[in-house]
J.: 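Got a structure here, written out as structure tokens. Questions coming.
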2 protein chains.
Amino acid sequence: MTRSISPNDLLIRRLQSIHTVSKEEIRALRDLPLEIASLGPGHDIVRMGERPTQCCVVIEGFTCIYKLTSDGGRQIMAIHVPGDIPDIQSLHLGVMDFGLAPISSCTVGYIPHEKIQQVCDNYPRLGVALWRETLIDAAIYRDWMLNIGQCEAFGRVAHLVCELVIRLKAVGLTEGDSFKFPVTQANLADAFGISSVHMSRVYGMLAQQGLLKVTRTHVTVLDWDELQEAGDFDPTYLHLERNTPA
Amino acid sequence: MTRSISPNDLLIRRLQSIHTVSKEEIRALRDLPLEIASLGPGHDIVRMGERPTQCCVVIEGFTCIYKLTSDGGRQIMAIHVPGDIPDIQSLHLGVMDFGLAPISSCTVGYIPHEKIQQVCDNYPRLGVALWRETLIDAAIYRDWMLNIGQCEAFGRVAHLVCELVIRLKAVGLTEGDSFKFPVTQANLADAFGISSVHMSRVYGMLAQQGLLKVTRTHVTVLDWDELQEAGDFDPTYLHLERNTPA
DNA sequence: ACTCGAGCTTAACGTATGTTGGGAGCCTCC
DNA sequence: GGAGGCTCCCAACATACGTTAAGCTCGAGT
């Protein structure tokens with residue numbers, strides 16, 4: 001268990017992992033007011049079509065971005081780890097074109113748009129860091145699309161696990177070769193564009209081939225090299241400035 | 001045939017379609033130096049892994065963003081129309097995590113990063129417009145992912161045609177219900193994550209059901225309502241400020 | 001006008017994945 | 001400590017799509 005980290009520290013860690021941040025800028029970030037909230041899955045954070053006036057920072061647990069088709073299909077297009085600002089785009093795109101929801105019980109912090117805007121005005125380099133953050137979100141979308149469009153389900157799952165390991169390491173939230181991941185297979189199926197039945201099949205195959213061990217709450221990587229190979233994984237697209245902190 | 005439009009005007013039209021642009025800002029955009037180049041398909045504009053020092057504006061024809069899997073699969077994840085800046089992210093993400101290539105013969109204009117940076121510094125609202133542009137790129141990725149992950153090939157194709165019509169209208173490049181689109185089915189197949197054989201099947205179905213007419217060089221929409229229905233299309237995600245100019 | 005090649009179409013057959021349905025494990029709340 | 005409800009798992013069957021391979025069309029070049 002990681003000892004108590006201030007919510008703002010996670011955000012700072014995240015930005016540090018993709019951009020240089022000065023002492024003064026760190027102070028400005030630490031002063032951002034965060035209104036904390038605890039949420040369970042099934043309770044949307046922001047809904048499609050809304051016009052939010054604040055952004056949300058993930059503090060604990062996992063959230064996701066999703067869209068629905070008119071006939072009930074749901075595609076999850078991004079999974080967020082602590083430190084991420086999932087709806088930072090709302091700063092400059094008025095209307096939400098997607099929904100944001102927890103996929104595990106989680107706590108988030110809200111920051112009013114105006115406060116973020118002030119920080120951008122006073123510290124232009126932080127503005128650039130946030131712009132860069134949105135560009136990396138897009139880079140992750142691109143990779144996810146390659147995954148969904150060109151790879152079989154087996155590889156898609158391997159790929160996501162690789163990505164999560166790297167991103168969690170960047171904010172110091174892995175526990176050796178495993179990490180907490182209390183996400184149901186039905187949710188994951190929606191992320192990979194497959195059925196939950198097939199999701200179960202694939203998890204079974206990954207376990208059988210000794211790449212992964214999965215429980216309801218944790219994922220453990222058993223063979224990192226093989227997993228990367230299977231997932232055709234190359235972390236360039238994450239645009240991290242440096243690697244793991246610990 | 002549209003009468004000669006200055007290359008910069010297309011860029012201006014595009015930015016106007018997503019953001020308010022003042023007279024003075026228009027002047028600044030018009031003064032941007034564009035180094036024009038003509039390219040045929042198969043000749044990359046920027047390659048994965050490179051660190052460009054300039055951005056490219058599409059002036060005529062179509063370009064695309066793509067990524068490759070290690071076993072030779074290619075996923076096209078975005079198609080650009082005149083006025084777009086396909087690699088604007090390179091302003092703040094040093095390394096390219098994707099390739100950029102023409103998918104028809106086309107002409108593009110290059111602008112050095114430093115010139116764009118100057119414009120952003122001198123006209124902060126233009127900086128915001130460009131940020132917004134990158135956010136809309138991401139919104140398009142999201143929609144494309146929903147499409148690929150949750151819809152059948154038939155709907156995917158219908159959806160893209162709808163999207164292209166709207167985006168081309170926004171820069172004034174449709175001809176009634178049809179538009180020039182000299183893109184091979186093999187390329188389109190890579191965009192939809194299907195085989196070229198299946199691409200042909202789907203085009204056939206769309207024509208047979210009277211939604212679309214396709215030639216090697218042009219696409220004609222025969223039934224806009226049905227096409228939107230089939231493609232589950234809602235243009236919100238394009239975040240256009242107003243609709244068609246003409 | 002003929003050739004040639006790239007792109008398109010069609011058919012036959014194989015497979016990854018979807019769907020339905022049933023049953024087993026495991027929390028949670030009386 | 002049952003009862004009910006989520007999850008997960010498994011089996012049987014259905015299908016959209018991939019693969020291969022063969023013709024066909026059309027436009028470019030001579």
Side-chain angles (χ1 to χ4, degrees), chain A residues 40-43 62 69 71-76 102-105 147-159 180-209 212-219 230-232, chain B residues 40-43 62 69 71-76 102-105 147-159 180-209 212-219 230-232:
Chain A
H43 185 293
F62 298 89
T69 61
D71 59 338
R74 183 176 74 142
Q75 178 67 38
I76 289 178
I103 43 171
S104 73
S105 62
N147 215 22
I148 293 183
Q150 300 294 326
C151 304
E152 299 188 347
F154 187 83
R156 293 182 212 175
V157 177
H159 187 98
K180 200 177 171 202
F181 196 60
V183 176
T184 68
Q185 292 188 10
N187 275 322
L188 289 173
D190 284 347
F192 296 121
I194 62 180
S195 67
S196 64
V197 171
H198 199 53
M199 184 65 226
S200 168
R201 284 199 273 250
V202 170
Y203 254 164
M205 288 191 254
L206 280 158
Q208 195 192 334
Q209 300 198 15
L212 224 56
K213 211 184 74 187
V214 178
T215 70
R216 265 155 222 252
T217 55
H218 288 259
V219 172
D232 200 10
Chain B
H43 185 293
F62 298 89
T69 60
D71 60 338
R74 183 175 74 141
Q75 177 67 37
I76 289 178
I103 44 170
S104 73
S105 63
N147 215 21
I148 293 184
Q150 300 295 325
C151 303
E152 298 189 347
F154 187 83
R156 294 181 212 176
V157 177
H159 187 98
K180 200 176 169 202
F181 196 60
V183 176
T184 67
Q185 291 188 11
N187 275 322
L188 288 173
D190 284 347
F192 296 121
I194 62 179
S195 67
S196 64
V197 170
H198 199 54
M199 184 66 225
S200 168
R201 285 200 272 249
V202 171
Y203 254 164
M205 288 191 255
L206 281 158
Q208 195 191 334
Q209 301 198 14
L212 225 56
K213 210 184 74 187
V214 178
T215 70
R216 265 155 222 249
T217 55
H218 287 258
V219 173
D232 199 9

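Computed from a predicted model, the values in this text were never measured in an experiment. What's counted below: heavy atoms across the whole structure, side chains too, no hydrogens, waters or symmetry copies. Residue numbers start from 1 in every chain, and the chains themselves are labelled A, B, ... in the order their sequence lines are given, proteins ahead of strands.
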J.: Can you tell me how far apart CZ (B/Phe181) and CG (B/Leu188) are? Round to the nearest 0.5 Å.
T.: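 Separation between the atoms: 5.0 Å.
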
J.: Which part of the nucleic acid does A/Gly193 contact within heavy-atom distance under 4.0 Å: base, sugar-phosphate only, or nothing?
T.: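 Sugar-phosphate only.
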
J.: Determine the contact category for B/Thr184: base if any of its heavy atoms lies under 4.0 Å from a base atom, sugar-phosphate if only primed atoms, P, OP1 or OP2 are that close, otherwise nothing.
T.: sugar-phosphate

J.: Send over the distance from A/Ile148 CD1 to C/dT17 P, rounded to a whole Å.
T.: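 Those two atoms, CD1 and P, are 12 Å apart.
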
J.: The criterion is ring pair (Phe, Tyr, Trp, His ring centres under 6.0 Å); which residues satisfy it with B/Phe154, sequence neighbours excluded?
T.: none

J.: Is the phosphate of D/dC6 approached by A/Gln185 (side-chain N or O, under 4.0 Å from OP1 or OP2)?
T.: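 Negative; the distance criterion is not met.
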
J.: What I'd like to find out is whether the side chain of A/Val214 reaches to under 4.5 Å of the side chain of A/Gln185, using heavy atoms alone.
T.: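 Side-chain contact under 4.5 Å: no.
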
J.: Can you tell me how far P of D/dG18 sits from CD of B/Gln75, to the nearest Å?
T.: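 Whole-Å distance recorded here is 11 Å.
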
J.: Just compare C/dG25, C/dA16, C/dT9 and give me whichever is closest to any side-chain atom of A/Arg216.
T.: C/dG25

J.: What integer distance in Å separates A/Ile194:CD1 from C/dT19:C1'?
T.: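 Between C1' of C/dT19 and CD1 of A/Ile194: 14 Å.
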
J.: Go through the steps to decide whether A/Arg156 and A/His159 satisfy the test side chain to side chain donor-acceptor pair (under 3.5 Å), and finish with yes or no.
T.: CA-CA 5 Å; A/Arg156 293 182 212 175; A/His159 187 98; over 6 Å; no

J.: Atom CE of A/Met199 to atom P of C/dG18: distance rounded to whole Å?
T.: 11 Å

J.: Want to settle it: does A/Phe154 or B/Val197 sit nearer the 5' end of DNA chain C, counting the closest nucleotide to each?
T.: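 With A/Phe154 and B/Val197 compared, the 5'-side residue is B/Val197.
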
J.: Within this structure, what is the CG-to-P distance between B/Leu206 and C/dT9, rounded to whole angstrom?
T.: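 About 12 Å, once rounded to whole Å.
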
J.: Looking only at the side chain of A/Arg201 (C-beta and beyond, no hydrogens), which of the listed nucleotides D/dT19, D/dC9, C/dT17 gets closest?
T.: C/dT17

J.: How many whole angstroms separate atom NE2 of A/His198 from atom P of D/dA11?
T.: 16 Å

J.: For the pair made of OH in A/Tyr203 and C1' in D/dC10, what is the distance, rounded to whole Å?
T.: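 Value for this atom pair: 18 Å.
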
J.: In whole angstrom, what separates A/Gln150's CD from D/dC17's P?
T.: 14 Å

J.: Would you indicate which nucleotide in C/dT17, C/dT19, D/dC17 comes nearest to any side-chain atom of B/Glu152?
T.: D/dC17

J.: How far apart are the C-alpha atoms of A/Gln75 and A/Ile148, what are their side-chain angles, what is the distance that settles it, and do they pass the side chain to side chain contact (heavy atoms under 4.5 Å, CB included) test?
T.: CA-CA 11 Å; A/Gln75 178 67 38; A/Ile148 293 183; 3.4 Å; yes

